[in-house]
Number of protein chains: 2
Amino acid sequence: MVETAILLDSLRKAGLRITPQRQAICELLATSHEHPTATMIYETLKSRFPSLSLATVYNTLEVLVRLGAVNVLGNAGDGMAHYDADTEPHINLACVSCHKIVDFPSQYVQFLDEEISAASGYRVLGARVLYYGLCPECQQKTPMARRRSDHDDRGNNA
Amino acid sequence: MVETAILLDSLRKAGLRITPQRQAICELLATSHEHPTATMIYETLKSRFPSLSLATVYNTLEVLVRLGAVNVLGNAGDGMAHYDADTEPHINLACVSCHKIVDFPSQYVQFLDEEISAASGYRVLGARVLYYGLCPECQQKTPMARRRSDHDDRGNNA
DNA sequence: TATAAACTTGTATTCATTATAAACAAAGTT
DNA sequence: AACTTTGTTTATAATGAATACAAGTTTATA
Ligand SMILES: [Mn+2]
Ligand SMILES: [Mn+2]
Ligand SMILES: [Zn+2]
Ligand SMILES: [Zn+2]
């Protein structure tokens, strides 16, 4: 569980103002477990903030990522970047068919993280530990041993 | 070290033809250690194949990813997707400043991989294990404890 | 209340990626 | 060999997420 306060604090510590929009975006990021995209955040909040602009969502996300408070997982088959406010080491499992992303806890990621920070020489700003494939539900829907020419849903990529 | 033959075989096994373009793209992917983008592949090969189209590069990459022979690491701060023909479990370290991506070997990733395949219920098609930050060289170039309003090079994201 | 700085918003722009259709090439058929 | 089918490449157009920009709004400080 991510604390909204942690995100807000990182904004504050960077000398940035806590506006109602930023507050709401941080709250949504911290509360949600669905690894939202910029558009998803925008759609969810615009009922509460009718004047909200998509640009503000992108701006806020960019700041949070730069501060290391949020990670970008990238495209999950739907052509847009998904964000994760949980920066604790964990694995994300993305389904390339229904585009849901779930968390998968693993003891090894912790070690991994420490190893990299210690031995790589990099100043690590964030991570993108994401496995992609077909979730159990979507495996049902698909006629099983999917043959080569099965033209399933369009591309994926980064 | 990745074998070109492995990539070509996965095309063959999928019933696809080994054209000179595909052969060259697979060769470059297998040989290169720089996690190239579609454009990088295109630029590199167009001297040898003056008629090569960027569309062919994208098409071939899409097929290889769908077959699980290549992983998409995504945007490394330069706005385009980077590809990795090494599907063995390993960590990729991306520099958000110079956009280079290097491999980092870790024993833990192996365990991680096995754990996910065994316990998640997902049919895993690929992975995107990427840490991003500043490489040792770029840490020099940057005035150290980079303050908030330091407007460095533009965004990053997925 | 001024004045400046930070922030939001609406819109225009960019550009990586995808879609489309026409030319080309290989393999099979008569 | 000529015809046909099917897969591939190429050139170009279209898409749309992300970004840039300029104008308006809020907040801070004097
Ligand atoms: Mn997560
Ligand atoms: Mn790699
Ligand atoms: Zn699914
Ligand atoms: Zn660097």
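We use all heavy atoms of the structure for the numbers below, so side chains are in, but hydrogens, waters and symmetry mates are not. Note that the structure is a prediction, hence the values are computed from the model and not measured. In what follows, chains carry the letters A, B, and so on, assigned in the order in which the sequence lines appear, proteins first and then strands, with residues in each chain numbered from 1.
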Shorter than 3.5 Å, N or O on both sides, protein versus nucleotides 5-13 of chain D: list them out with atom names.
from	atom 1	to	atom 2	distance (Å)
D:dT8	OP1	B:Arg17	N	2.9
D:dT8	OP1	B:Arg22	NH1	2.7
D:dT9	OP1	B:Thr19	OG1	2.4
D:dT9	O3'	B:Gln21	NE2	3.0
D:dT10	OP1	B:Gln21	NE2	3.4
D:dT10	OP1	B:Ser51	O	3.0
D:dT10	OP1	B:Ser51	OG	2.5
D:dT10	OP1	B:Leu52	N	3.4
D:dT10	OP2	B:Ser53	N	3.1
D:dT10	OP2	B:Thr56	OG1	3.1
D:dT10	O5'	B:Ser51	O	2.8

**Study point:** Distance in angstrom units between B:Ile41 CD1 and C:dA16 C1', rounded
**Key:** 14 Å
Point to revise | Euclidean distance, atom CD of residue B:Gln23 to atom P of C:dA25 [Å, nearest integer] | key: 18 Å
Side-chain donor/acceptor pairs under 3.5 Å, residues 17-26 of chain A, sequence neighbours excluded:
from	atom 1	to	atom 2	distance (Å)
A:Thr19	OG1	A:Arg22	N	3.1
A:Arg22	NH1	A:Arg17	O	2.9

Review point. Given atom CE of B:Met80 and atom C1' of C:dC15, what is their separation to the nearest angstrom?
Key: 9 Å
Check your understanding: For D:dA28, which nucleotide in any strand shown is its Watson-Crick or wobble partner with both distances under 3.5 Å?
Key -> C:dT3
Exercise for review: Take atom CG of A:Leu64 and atom P of C:dC7, then tell me their distance rounded to the nearest Å.
Suggested key: 12 Å
Anything under 3.5 Å between a donor and an acceptor, one on a side chain of residues 104-119 of chain A, the other on a protein residue two or more places apart or in another chain? List them.
from	atom 1	to	atom 2	distance (Å)
A:Ser106	OG	A:Tyr108	N	3.2
A:Ser106	OG	B:Glu115	OE1	2.4
A:Gln110	NE2	A:Glu114	OE2	3.0
A:Asp113	OD1	B:Tyr131	OH	2.8
A:Glu115	OE1	B:Ser106	OG	2.4
A:Ser117	OG	A:Asp113	O	3.1

Check your understanding: Between atom CG in B:Leu54 and atom P in C:dT20, what is the gap in whole Å?
Key -> 18 Å
Review point. Which residues satisfy the side-chain hydrogen bond (donor to acceptor under 3.5 Å, both in side chains) test with A:Lys46, sequence neighbours excluded?
Key: A:Glu43
Check your understanding: Which distance, rounded to the nearest 0.5 Å, do you find between the OG of A:Ser32 and the CG of A:Asp86?
Key -> 11.5 Å
Check your understanding: Just how far, in rounded Å, is C1' of D:dA18 from CZ of A:Arg66?
Key -> 16 Å
Exercise for review: Output yes when at least one side-chain N/O atom of A:Tyr58 is less than 4.0 Å from OP1 or OP2 of D:dA18, else no.
Suggested key: yes
Review point. Can you name the side-chain hydrogen bond (donor to acceptor under 3.5 Å, both in side chains) partners of A:His90, sequence neighbours left out?
Key: A:Asp84, A:Asn92, A:Asp103
Review point. Atom CE of B:Met40 and atom C1' of C:dA16: how far apart are they, to the nearest Å?
Key: 15 Å
Exercise for review: Round to the nearest Å and state the distance from A:Leu8 atom CG to C:dC7 atom P.
Suggested key: 14 Å
Check your understanding: Got a sec, which residues hit salt bridge (Lys or Arg N to Asp or Glu O under 4.0 Å) with A:Arg48, two or more places apart in sequence or on another chain?
Key -> none
